[in-house]
*Asks:* 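I'd like to ask some things about the structure below.
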Amino acid sequence: MEEIFDECWNSKGIQVFVKRDDLIHPIISGNKWRKLKNYIQTFSLNEHSGILSFGGAYSNHLFALAFVGHSLRIPTVGIVRGEELIITSNPYLNQMNDWGMRLHFVARSLYRDKEIPSEYENYLCIPEGGYGSQAIDGMDNLVHELPSCDAIYCAIGTGATAIGIARATSVLVTGILTLNNRAEIEDHLKDFPAANLKLDDKYIFGKYAKSNADLETFCRDFYEKHQIAIEPIYTGRMFYALVDHIKNGHIAPDSKLVAIHTGGIK
Ligand SMILES: Cc1ncc(COP(=O)(O)O)c(C=O)c1O
């Protein structure tokens, strides 16, 4: 836990702590290991031949899975969205291939069906982005590592991290959506209820991964002030929202906030 200081919140007696999960590991950082660890355990207890999952060309989740496979000598397969891609399309795909992940590039229409090629039927399948009950359950330990506080802030992609955190605590969790998937997250909440998770979709900045000068400047200034790197896709949006909430008076004076740094800097 690291406390960060700024006139903007210190003047209101508000304390902001950052849970530095980004420091867990240089590659399987942030929520990645927490989301994967129960799947890895399932793999080691069962008769699967490997682990397969789905993601985009820049997926932090597939990247982490490829590294885990390489480190633990588990065969891995990545089904990647976009038939136009090749292994050298970006350095991450290249690295995943070097770590031994078998990459299959599929057309967007086929990708939607999440079909598993027949040769991998015996593989343990982790849903897209690492979402699933095992990922949600993987957040238990994180919550035990947090101090008592009034609210927790967390970025939302698939929702596994924020839902898992909210289910393991009674503290209010503010989940900052990073893409237009509120309906999908609300569906997940029917399967995994968490009444203390409040969704905020005001910081999507148009669509997933879209940035703008304001957000970019915010991330740069944040690093200069606090020496903590954040990126515009997840943690940048989450901290932007947190600061905005404080500025707009949504946070009661003298509150203690914890922001989860879910990593993503690779
Ligand atoms: C850095 C980072 N933060 C937050 C998230 C969102 O996590 P989740 O998909 O569990 O909502 C992701 C997506 O996996 C991510 O890569």
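Order of appearance sets the numbers: ligands from 1, and atoms from 1 within every ligand.
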*Asks:* For atom 6 (C) of ligand 1, which protein heavy atom lies nearest, and how many Å away is it?
*Replies:* Gly157 N, 3.3 Å
*Asks:* Which atoms of ligand 1 sit under 4.0 Å from any heavy atom of Ile156?
*Replies:* 11 (O)
*Asks:* Please report the closest heavy-atom contact between Thr76 and Ala66, naming both atoms and the distance.
*Replies:* OG1-CA, 4.2 Å
*Asks:* Please verify whether a non-hydrogen atom of Met238 lies at under 4.0 Å from ligand 1.
*Replies:* no
*Asks:* Do Arg81 and Tyr111 form a cation-pi contact, if we require the NZ or CZ to be under 6.0 Å from the six-membered ring centre and within 45 degrees of the ring's axis?
*Replies:* yes
*Asks:* List ligand 1 atoms under 4.0 Å from Gly263, heavy atoms only on the residue side.
*Replies:* 1 (C)
*Asks:* Near Thr161, which atoms of ligand 1 are under 4.0 Å from a heavy atom of that residue?
*Replies:* 7 (O), 8 (P), 10 (O)
*Asks:* Are Met101 and Ile86 in one and the same hydrophobic cluster, where Ile, Leu, Val, Met, Phe, Trp and Tyr link if side-chain heavy atoms are under 4.5 Å apart?
*Replies:* no
*Asks:* Of the protein's non-hydrogen atoms, which lies at the shortest distance from atom 16 (O) of ligand 1, and what is that distance?
*Replies:* Asn60 ND2, 2.7 Å
*Asks:* Which atoms of ligand 1 have any heavy atom of Gly159 under 4.0 Å away?
*Replies:* 8 (P), 9 (O), 11 (O)
*Asks:* Under 4.0 Å from a heavy atom of Gly264: which atoms of ligand 1 are those, numbered in the order shown and with their elements?
*Replies:* 1 (C)
*Asks:* Identify the protein heavy atom lying closest to atom 4 (C) of ligand 1, giving its residue, its atom name and the separation to 0.1 Å.
*Replies:* Thr262 OG1, 3.3 Å
*Asks:* Verify the cluster assignment for Phe222 and Ile176: are they in a single hydrophobic cluster under the rule of side-chain heavy atoms below 4.5 Å apart?
*Replies:* yes
*Asks:* Would you please indicate if the ring centroids of His226 and Phe5 are separated by under 6.0 Å?
*Replies:* no
*Asks:* Using a strict 4.0 Å cut-off to heavy atoms of Lys35, name the atoms of ligand 1 that fall inside it.
*Replies:* 7 (O), 8 (P), 9 (O), 10 (O), 14 (O)
*Asks:* Is there a continuous path of hydrophobic side-chain contacts, each under 4.5 Å between heavy atoms, that joins Ile74 to Ile28?
*Replies:* yes
*Asks:* Let me check something: do Phe218 and Leu242 share a hydrophobic cluster, defined by ILVMFWY side-chain heavy atoms less than 4.5 Å apart, either directly or through other members?
*Replies:* yes
*Asks:* Heavy-atom distances under 4.0 Å are what count here, so tell me which part of His61 touches ligand 1: side chain, backbone, both or neither.
*Replies:* neither
*Asks:* Specify the protein heavy atom at minimum distance from atom 7 (O) of ligand 1: its residue, its atom name, and the distance to 0.1 Å.
*Replies:* Asn31 ND2, 3.0 Å
*Asks:* Can you hop from Ile40 to Leu124 via hydrophobic side chains spaced under 4.5 Å?
*Replies:* yes
